[in-house]
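Atoms within a ligand are numbered from 1 in the order they appear, just like the ligands themselves.
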Amino acid sequence: MRPRHFIADDDLTPQEQEEVLSTALRMKGDRFAFRPLDGPRTVAVLFDKHSTRTRVSFAIGIAELGGHPLVLDRDTTQMARGESVEDTARVLDRQCAAIVWRTFGQDLLERMAGLSAVPVINALSDLLHPCQMLADLLTVRERLGSPAGRTLAYLGDSNNNMAHSYLLGGVNAGMHVRICGPAAYQPDPGIVERSRELAARTGGSVTLTGDPVAAVTGADVLATDTWVSLGMENDGRDRETAFKGYQIDRDALAAAAPHAIVLHCLPAYRGKEIEAEVLDGPQSAVWDEAENRLHVQKALIAWLLAKGE
Ligand code: CP
Ligand code: NVA
């Protein structure tokens, strides 16, 4: 049987996404009761970029599922010396139950998934951060009930992985997704098109706007992300000037729905994309969101293994 992969948010149908979230809630309620990796079976977790949350949550989650996390940093592997993605896939998939990879281009994940006999999971690429999106959806569900029909407003770098995953993953869950950023930082047109097609089937919607007040007014969820994503540190662009006015601050929160929650995938830069009073305030759900990485990724691994075997 062909393995199921999760390298893009819409690799799960809306119903499958819902199954993973429901399983995550069950796993959260009984952390050590689910052991699909008993053996222990090994899951390789590869990092081409820095990480705290992803590294911690995958390593702990794989162990809690009864498995062995093999965490590898790129610089210590032969890939850093030029060994191909294809040859690496052929070595890993004979020994591992799944491959988790944080890397740069989405095309690299596609090449790995194209060849691997075991599930490949995107732990963040330049284009998408789908595991984070599952955690965000679980957090919405815990705080506000079903995400379907809820409005999420994202302010900031609208051309990064989180903006794209809010689009694809959000409309997959039937959300109304408003993306708001400056003209020079607009989402990938291909992702916008895919999201609009998906929204037409799920009852969600996509709105792109440059007006932060219009974006946040009445929203159920406010979200943002760093202005400088991994790998963009030295691109020479003046992001501080470009993103001025796109901060999630107390005024933005006051314009949102009274019950609104605030999400940020972290790491956060207080005083830049988000005001400290908001990140650390009572409507912030960011610590639940960070913990939920653990639960959704455990559910995802269990689900992918069950579907592909
Ligand atoms: N949110 C997130 O993916 O965090 P890390 O970069 O620390 O893994
Ligand atoms: N957009 C951010 C997310 C970090 C978790 C980045 O790619 O650095």
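The side-chain hydrogen bond (donor to acceptor under 3.5 Å, both in side chains) analysis of residues 69-79, with sequence neighbours excluded, yields the pairs R55-D73, Q78-R81. Every pair passing ring-ring contact (aromatic ring centres under 6.0 Å, His included) that includes a residue from residues 213-237 is listed here, sequence neighbours excluded: W227-F243.
Distances between N or O atoms of H129 and those of ligand 2 include no value under 3.5 Å.
In summary, the side chains of S205 and H176 do present a donor paired with an acceptor at a separation below 3.5 Å, with no hydrogens or angles considered. No side-chain donor-acceptor contact under 3.5 Å links S84 and R90. Judged by distance alone, the side chains of S57 and Q297 do bring a donor and an acceptor atom under 3.5 Å apart. No side-chain donor-acceptor contact under 3.5 Å links E289 and T139.
Under the side-chain hydrogen bond (donor to acceptor under 3.5 Å, both in side chains) criterion, D220 pairs with R150, H259, sequence neighbours left out.
We find that D288 and K28 are not joined by a salt bridge, their nearest charged nitrogen and carboxylate oxygen being 4.0 Å or further apart. Salt bridge present: R141 and E18 bring a charged side-chain N and a carboxylate O closer than 4.0 Å.
Each of the atoms 1 (N) of ligand 2 lies under 4.0 Å from some heavy atom of N160. The contact set between ligand 2 and L266, taken as ligand atoms under 4.0 Å from a residue heavy atom, comprises 5 (C).
Protein residues having at least one heavy atom under 4.0 Å from any atom of ligand 1 are S51, T52, R53, T54, R102, H129, Q132, C265, L266, R293, listed by chain and number.
In this structure, the protein non-hydrogen atom closest to atom 4 (C) of ligand 2 is L124 CD1, 3.9 Å. Protein heavy atom at the shortest distance from atom 7 (O) of ligand 2 is N161 ND2, 2.8 Å. Here the protein heavy atom with the shortest distance to atom 8 (O) of ligand 2 is L230 N, 2.7 Å. Of the protein's heavy atoms, D225 OD2, 3.6 Å lies nearest to atom 3 (C) of ligand 2.
Every heavy atom of T54 sits 4.0 Å or more from the atoms of ligand 2.
Shown are Q17, E16, E19; of these, the side-chain hydrogen bond (donor to acceptor under 3.5 Å, both in side chains) with W303 is made only by E19.
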